[in-house]
Amino acid sequence: MAIPRTRPGAYPAVLSYGFRPFFLLGSLYAGAAILFWLPLFYGQITTSSVFLPVDWHVHEMLFGYLAAIMTGFLLTAIPNWTGRLPVQGLPLLALVLLWLAGRLAVFFSADTGWLVGAAVDCAFLLAVAAAAATEIIAGRNWRNLKVLLPVAVLLAANVMFHAEAHYQGISDISRRLGLGAAVVLIMIIGGRVVPSFTRNWLARENQGRLPSPFTHFDAATIALSATALAAWAFFPESNVTGGMLISGAVLNVMRLARWAGDRTLRDPLVLILHVAFVFVPIGFLLAGLAVVLPETVPSAAGIHAFSVGAVACMTLAVMTRATLGHTGRELRAGIGTCAVFVAIVLAAIFRIGAAFVPAEEVLLHMSATSWVVAFLGYAALFGGMLVQPKLRARQPNKAPS
């Protein structure tokens, strides 16, 4: 999809499109936060946050890293949907600074007070929702207003997270609600880009069976899955919730099977989208089994299948493709890019495994190492592209090695 022309200005290239600063900062923060997390988990270092260490970790992955990448994606996709100029320059800088302020406010909330920290942190997602809604409404792109619902739920979950942590001492419902909103966003957006990019590549490189178009089956799958995730957030121990989650796993497997992913093995940029979406039904299955078979399947398995698997893998897959395409590079994965993809998939596998055998801390460390390699690897490979102007069409395209 062609990007609308940007408005000329005196600002640097990194502020010309939303994906540039947020993908760069998000990837750096994801890698650095996990490097910080394990010493924090073992009590070797501390934060100045009112959050318990585990709450800080959960919060910053959901409302720090994910919020940044989601913002970068939305601010880049919405101009394609509406035909309007993107948010850029000083308005974009204001959003970036607000995100950074949120990270500092959470980290130093013990000094500023929980309410000040919560207000500064939650202001970012509120501003993003307002900016996205303004652009979609101004462009009369009514059908994409539905994308704002998971964003609004993520904002509500963030507000609830701060409140739960303050009044209860630890977050509970808000963790699952925030993660559920992220999974719904993947089912909506991923359900659009995965078959679309697959169709485009197959039509050009491997003619034959193509992905099925979006039908009432896809809509029903998203609706049932979203309902199951809502039940999981508020009634995590109900057998009805477990049954709904397992049903969501079955339906999402059927949905994924309709996208011809088995025919994309020759293109890592397309294949990784399918691999990332595989973790959606895996997460539903493990979360459901943890409800109905709590003594056999730990709840952490489903949580990390969703978070490290579906969310991290899909965001890295989309970040990579968007960076190449929107900076004028060829859509081709080099050796370094493939290594990033392998690393994040391994991080998910190791983390799910660590949930089943928590005594084997080596799996936790292997997952953390793979995660850091993936995100700092992305920053190293693509950081230069994100801060430099888009290549002119006449220049040779070159993928990172």
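Starting from 1, each residue takes its place in the sequence as its number.
Using a 3.5 Å distance cut-off with no hydrogens or angles, the side chains of D55 and S171 do pair a donor with an acceptor.
Here the side chain of R20 pairs a donor or acceptor atom with the backbone of Q388 at under 3.5 angstrom. When atom types are taken as modelled, the side chain of D218 and the backbone of T215 share a donor-acceptor pair closer than 3.5 angstrom. No donor-acceptor pair closer than 3.5 Å links the side chain of E135 to the backbone N or O of R84. One N or O on the side chain of T241 and one on the backbone of F235 form a donor-acceptor pair closer than 3.5 Å. In terms of modelled atom types and a separation under 3.5 Å, the side chain of S49 and the main chain of V106 share a donor-acceptor contact. No donor-acceptor pair under 3.5 Å is formed between the side chain of S225 and the backbone N or O of I222. No donor-acceptor pair closer than 3.5 Å links the side chain of S367 to the backbone N or O of L363.
For F306 and F284, the gap between ring centers is short of 6.0 Å. Between H57 and F41, the ring centre distance reaches or exceeds 6.0 Å. Ring centroid separation for the pair F23 and F382 does not come in under the 6.0 Å cut-off.
Within a 6.0 Å radius of CZ in R204, other residues, nucleotides and ligands contribute more than 12 heavy atoms. Summarising the local packing, CD of E237 is surrounded by 12 or fewer heavy atoms from other residues, nucleotides or ligands at distances under 6.0 Å.
Geometrically, R192 engages W81 in a cation-pi contact defined by less than 6.0 Å to the ring centre and at most 45° from the axis.
A347 and W371 get closest at one heavy-atom pair: CB-N, 3.7 Å. When all heavy atoms are compared, the tightest approach of L210 to A260 is C-CB, 4.2 Å. The two residues M61 and I34 make their nearest non-hydrogen contact at SD-CD1, 4.2 Å. Smallest separation of non-hydrogen atoms from S370 and A343: CB-O, 3.3 Å. Counting all heavy atoms, side chain and backbone alike, V291 lies closest to S238 at CG1-O, 3.0 Å. When all heavy atoms are compared, the tightest approach of G191 to P195 is O-CG, 3.1 Å.
Residues Q207 and L202 have side chains not in contact (no heavy-atom distance under 4.5 Å, counting atoms from C-beta outward). Residues L269 and F341 meet the side-chain proximity criterion, which asks for heavy atoms closer than 4.5 Å. Looking at E164 and I170, their side chains never come closer than 4.5 Å, going by heavy atoms from C-beta outward. Side-chain contact check for M385 versus L391: every heavy-atom pair is 4.5 Å or farther apart.
Taking the six-membered ring where tryptophan is involved, the planes of F22 and W99 are perpendicular, since the angle between them exceeds 60° and thus also 30°.
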Requested in this report: Mind running side chain to side chain donor-acceptor pair (under 3.5 Å) on H274 and T198 for me, showing each step along the way?
Outcome: CA-CA 9 Å; H274 293 266; T198 301; 2.7 Å; yes
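Of the options F36, W37, F51, F108, a ring-ring contact (aromatic ring centres under 6.0 Å, His included) to W56 is made by F36 and by none of the others.
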